[in-house]
Amino acid sequence: MSRFMGARYSMFDAYTPGEQPQDRRYIKLNTNESPYPPSPKVRQALNADEVEALRLYPDPECGALRASMAAQLGLDENQLLCGNGSDELLSFAFMAWGSRGAAFADVTYGLYRVLADLHQVKVTNVPLRDGFALDDRDYLGLNRLIVIANPNAPTGMALKPRQLAYIAEQNPDGVVLVDEAYVDFGAESCLPLIGRYDNLCVVQTYSKSRSLAGARLGFAAGQAELIRDLKKIKNAINPYNVSRLTQRAGIAAMEDEDYYLLNARAIMQARDNTARALQAMGFEVLPSRANFLFARHAGIGGAALYMALKKRGVLVRHFGAERIKDYIRISVGSQEQMTAFLDAVREIMGGIKA
Ligand code: PMP
């Protein structure tokens, strides 16, 4: 840190993204990307004409993209804001609604804490119950920004929309933000609840089930007043926040819903097969409704297993926080990738028993 950085930012810890190694080829199961390419329609859409048009700024309103999204989701266009990945929208949310503080789980997406610190939002830490269960009764009458990843990361465990509706009802003076980054892998979305709760905001991403992590596209959905708050911040920070190519890619992706549904189904199948295989080796695996598994084994620590896998060319994620340090998080790739992962785990565990 230089002597020029002011006190305002010098005290917070930045988020550490999962490794994006450029040196060698790994079986990359560490950042919850899709193992499948974007739809062929996306490839067609990003043509030479679109490259020509790059000399022009993109539509700051993402008009065509929002119109497609609105039609597909059954929402009004003014109930949607697009972001440069959902991370950007989360940042806007902390700025817009964090003035009374923010509450979120002790074990959840690490960026929430970073954003709270960055935007000087006071944090109420709400510990998950035993088995990493989120209990809606722990969120009554908080009346501040409440952020819940559903399914949660890195546990993969999901709540029912009625539980989130209950939390919204019990916090009329706070916004409840439901981060649905992983909702397409078997959980239920809260999008249908938006019309009923003026304090409910749902954020989704195109990075996971829609194979567009590299394009950076997410959206926030909520009643028009909430979306206006976010838009005001967006227009102050980065009015052209979603690139031309990304807007095109997003529209094309939406035209191929069936392709993505099939991919999601294959990922869920590979997830459940992998979970069973890990359990057969004595792993404890949390029940996941996401495109990753969170697992531990009494015979080896999380850090050691992460390292042993990395040595064998398989990259997973390990978090050092006390409550979860025994676990590794495994993104679910193709069935072939998962077979290679399981072979590596078998080799490692075989070595330990011997
Ligand atoms: N929310 C959660 C819970 C996540 O795990 C991630 C991925 N790191 C994101 C949001 C952000 O995704 P993106 O910015 O790629 O849309």
Side-chain angles (χ1 to χ4, degrees), residues 18-19 25-39 131-133 149-160 180-189 205 207-211 213 257-302 304-319 324 326-353:
E19 296 159 87
R25 286 182 78 83
Y26 286 94
I27 295 177
K28 194 170 175 304
L29 306 177
N30 70 330
T31 47
N32 301 340
E33 291 140 329
S34 174
Y36 303 113
S39 149
F132 300 107
N150 192 48
N152 195 12
T155 64
M157 291 164 61
L159 299 177
K160 290 279 185 205
E180 296 190 345
Y182 302 104
V183 78
D184 294 332
F185 302 102
E188 263 178 88
S189 175
T205 178
S207 297
K208 317 291 178 185
S209 59
R210 285 184 169 67
S211 304
E257 196 59 11
D258 290 349
Y259 170 83
Y260 291 108
L261 281 175
L262 282 179
N263 286 351
R265 214 169 291 156
I267 290 165
M268 287 189 272
Q269 183 78 58
R271 174 190 69 204
D272 297 344
N273 293 343
T274 307
R276 273 192 296 274
L278 284 171
Q279 281 160 344
M281 282 188 259
F283 277 82
E284 181 191 329
V285 185
L286 298 188
S288 171
R289 296 199 172 267
N291 66 340
F292 53 81
L293 291 165
F294 206 47
R296 71 173 171 184
H297 192 289
I300 186 168
L305 182 53
Y306 158 83
M307 279 309 296
L309 283 165
K310 189 169 181 184
K311 234 194 285 173
R312 288 166 178 77
V314 182
L315 216 46
V316 297
R317 189 101 198 245
H318 173 253
F319 301 95
I324 55 174
D326 293 339
Y327 290 78
I328 57 168
R329 190 196 67 189
I330 309 123
S331 305
V332 178
S334 63
Q335 190 58 59
E336 299 74 59
Q337 288 176 311
M338 301 324 284
T339 302
F341 158 75
L342 288 168
D343 286 346
V345 174
R346 245 174 239 117
E347 193 180 294
I348 295 161
M349 301 314 290
I352 285 170
K353 271 188 220 124

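- Between the CZ atom in R276 and the CZ atom in R271 there is a gap of 10.5 Å [rounded to 0.5 Å].
- In terms of heavy-atom proximity, A290 sits nearest to Y182 at CB-CB, 3.7 Å.
- None of H318, E284, H297, R317 except one satisfies the side chain to side chain contact (heavy atoms under 4.5 Å, CB included) rule with Y327; the exception is E284.
- Looking at heavy atoms from C-beta onward, V332 lies out of side-chain contact with M268 at the 4.5 angstrom threshold.
- Residues passing the side-chain hydrogen bond (donor to acceptor under 3.5 Å, both in side chains) test with Q279: none are found, sequence neighbours excluded.
- With a 4.5 Å cut-off on side-chain heavy atoms, L309 and I328 count as touching.
- The line from CG of L342 to CZ of R346 is 5.5 Å long, rounded to the nearest 0.5 Å.
- A pairwise comparison of heavy atoms in A340 and I27 identifies CB-CD1, 3.4 Å as the closest pair.
- No close placement of the Y259 and Y36 rings is indicated, their centers lying 6.0 Å or farther apart.
- Pairing each heavy atom of F132 with each of L286, the nearest pair is CD1-CD1, 3.5 Å.
- Applying the ring pair (Phe, Tyr, Trp, His ring centres under 6.0 Å) test to F341 and every residue at least two apart in sequence or in another chain returns nothing.
- Using a 4.5 Å cut-off on side-chain heavy atoms (C-beta onward), P35 and I267 make contact.
- Residues P151 and F185 are not in side-chain contact: their nearest non-hydrogen atoms beyond the backbone lie 4.5 Å or more apart.
- Going from atom OG1 of T155 over to atom CZ of R329 covers 11.0 Å, rounded to the nearest 0.5 Å.
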Please assess L293 against F283 for the test side-chain contact (heavy atoms from CB on, under 4.5 Å), listing each intermediate value before the final yes or no.
-> CA-CA 11 Å; L293 291 165; F283 277 82; over 6 Å; no

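- If you take CD on E347 and NZ on K311, they are separated by 10.5 Å, rounding to the nearest 0.5 Å.
- With hydrogens and angles left out, the side-chain atoms of K208 and T205 include no donor and acceptor closer than 3.5 Å.
- Annotation: side-chain contact (heavy atoms from CB on, under 4.5 Å) contacts of S189 (sequence neighbours excluded): E180, V183, L191, P192, Q204.
- Residues S39 and Y260 are in side-chain contact: their nearest non-hydrogen atoms beyond the backbone lie under 4.5 Å apart.
- Look at D184 and R210 and you find a salt bridge, because one of the NZ, NE, NH1 or NH2 atoms lies within 4.0 Å of a carboxylate O, short of that distance.
- Closest non-hydrogen pair, I330 versus M338, comes out as CG2-CE, 3.8 Å.
- No side-chain heavy atom of S34 sits under 4.5 Å from any side-chain heavy atom of N291.
- E33 is not listed as a side-chain neighbour of S207, based on a closest heavy-atom distance of 4.5 Å or more.
- Atom CZ of R312 and atom CE of M307 lie 11.0 Å apart (nearest 0.5 Å).
- Heavy-atom minimum distance, S211 versus P38: O-CG, 3.5 Å.
- In this structure, the side chain of N30 does not engage the main chain of G18 through any donor-acceptor pair within 3.5 Å.
- Taking CG of L305 as the start and CG of D326 as the end, the distance is 11.0 Å to the nearest 0.5 Å.
- The nearest pair of heavy atoms linking A158 to R289 is CB-CD, 3.9 Å.
- In this structure, the side chains of K310 and L315 come closer than 4.5 Å at one or more pairs of heavy atoms.
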